[in-house]
Amino acid sequence: MYPNAKGSEELSILATFDPISQAAATVTTGWVSVANFHAFLAVIQTGVMGASATLDTKVQQAQDSGGTGAKDVTGKAITQIVKATGDNKQALINFKPEDLDNTNNFSYVRLSLTVGTAASLIAATLLGVNPRYATADAFNQAAVAQIN
């Protein structure tokens, strides 16, 4: 812990699903290398969900930025969010590079969100936590417009 560090020096926005009314379908972020951070945090948000809608989110891993060998990261998924109790909720998934299949050279991750039944308002952010070699703001995705 560095008490004088700014939050933007410790957390990086690596990938996002900007707020959207997502039709029933599976959507994924691009692949992100785990090499630059000690930990990761996925933040999932719902707005108003459609009638009988569901939301499933998981972390997937691959061997390269093209998605070679893509598979789920064991134990890194939320419990399904349902319309009855799921409007305007948040869920968090914590994981580390050690959670990946390192034996088989898995070193990239992405978020996968599946909206079931009906269009729903969703958003998600994949954060890199505690950078290894530089301040985290060096790794923000291109869509980060300002750091104050």
Side-chain angles (χ1 to χ4, degrees), residues 1 5-102 106-132 135-148:
M1 179 172 85
K6 298 176 185 175
S8 62
E9 294 173 342
E10 297 295 317
L11 298 171
S12 181
I13 297 175
L14 302 175
T16 58
F17 287 109
D18 295 326
I20 188 171
S21 178
Q22 177 60 51
T26 297
V27 292
T28 59
T29 65
W31 292 104
V32 175
S33 171
V34 299
N36 296 317
F37 292 90
H38 291 284
F40 297 85
L41 176 64
V43 180
I44 300 95
Q45 298 175 284
T46 64
V48 176
M49 298 179 72
S52 300
T54 60
L55 176 64
D56 294 285
T57 304
K58 59 187 175 182
V59 178
Q60 295 182 309
Q61 60 186 320
Q63 296 168 325
D64 57 37
S65 63
T68 301
K71 63 182 181 178
D72 297 347
V73 177
T74 303
K76 300 304 173 184
I78 65 169
T79 300
Q80 186 177 71
I81 297 173
V82 298
K83 168 62 179 175
T85 58
D87 285 356
N88 304 309
K89 300 294 184 195
Q90 302 82 42
L92 304 174
I93 303 172
N94 285 287
F95 64 99
K96 294 183 175 187
E98 300 85 53
D99 295 326
L100 277 60
D101 180 359
N102 293 303
F106 281 77
S107 57
Y108 285 78
V109 294
R110 72 177 179 186
L111 291 180
S112 174
L113 281 74
T114 301
V115 174
T117 309
S120 297
L121 298 174
I122 63 165
T125 302
L126 178 60
L127 298 170
V129 181
N130 296 325
R132 293 182 188 273
T135 60
D137 50 10
F139 302 104
N140 283 324
Q141 68 177 8
V144 175
Q146 294 184 35
I147 301 172
N148 295 319

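The analysis underlying the following values was restricted to heavy atoms, covering all of them including side chains, and did not include hydrogens, waters or symmetry mates. Note that this is a predicted model, so its numbers are computed, not measured.
Within the structure, side-chain hydrogen bond (donor to acceptor under 3.5 Å, both in side chains) contacts touching residues 112-125 (residues at least two apart or in different chains) are Thr26-Thr114. Counting only residues at least two apart or in different chains, side-chain hydrogen bond (donor to acceptor under 3.5 Å, both in side chains) contacts with residues 88-99 are absent. Here side-chain hydrogen bond (donor to acceptor under 3.5 Å, both in side chains) pairs that include residues 13-25, with residues two or more places apart or in two chains, are Thr16-Asp18, Thr16-Gln141. Pairs of residues two or more places apart, or lying in two chains, that qualify as side-chain hydrogen bond (donor to acceptor under 3.5 Å, both in side chains) and include a residue from residues 29-42 are His38-Arg132. Listed by first and then second residue, the ring-ring contact (aromatic ring centres under 6.0 Å, His included) pairs involving residues 55-82 amount to none (not counting sequence neighbours). Residues in residues 52-97 take part in these ring-ring contact (aromatic ring centres under 6.0 Å, His included) pairs, two or more places apart or across chains: Phe40-Phe95.
Separating the CD1 atom in Ile93 from the CG atom in Leu126 is a distance of 9.5 Å, to the nearest 0.5 Å. For the atom pair CG (Asn140) and CD (Gln146), the distance works out to 12.5 Å, reported to the nearest 0.5 Å. If you take CD on Gln45 and CG on Leu55, they are separated by 11.5 Å, rounding to the nearest 0.5 Å. In this structure, Leu127 CG and Leu11 CG are separated by 6.0 Å, a value rounded to the nearest 0.5 Å. Distance check: Leu41 CG to Ser12 OG gives 12.5 Å after rounding to the nearest 0.5 Å.
Here the shortest heavy-atom pairing between Ala118 and Ala53 reads O-CB, 3.6 Å. Nearest heavy atom pair, residue Ile81 against residue Ala91, reads CD1-CB, 4.4 Å.
For Phe139, the ring pair (Phe, Tyr, Trp, His ring centres under 6.0 Å) partners at least two apart in sequence or on another chain are Phe37. Residues satisfying the side-chain contact (heavy atoms from CB on, under 4.5 Å) test with Thr54, not counting sequence neighbours, are Asp56, Gln80, Val82. Qualifying side-chain contact (heavy atoms from CB on, under 4.5 Å) partners for Asp101, counting only residues two or more places apart in sequence or in other chains: Gln61, Lys71, Thr103, Asn104, Phe106. For Lys76, there are no side-chain hydrogen bond (donor to acceptor under 3.5 Å, both in side chains) partners at least two apart in sequence or on another chain. Under the ring pair (Phe, Tyr, Trp, His ring centres under 6.0 Å) criterion, Phe17 pairs with no residue at all, not counting sequence neighbours. Considering only residues two or more places apart in sequence or on other chains, Ala5 meets the side-chain contact (heavy atoms from CB on, under 4.5 Å) condition with Tyr2, Glu9, Glu10.
With Thr46 contributing its side chain and Gly86 its backbone, the two residues share a donor-acceptor pair below 3.5 Å.
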So Asp137 and Lys6, side chain to side chain contact (heavy atoms under 4.5 Å, CB included) or not? Walk me through it.
CA-CA 10 Å; Asp137 50 10; Lys6 298 176 185 175; over 6 Å; no
Intermediate values then yes/no, side chain to side chain contact (heavy atoms under 4.5 Å, CB included), Ile122 and Ile44:
CA-CA 8 Å; Ile122 63 165; Ile44 300 95; over 6 Å; no
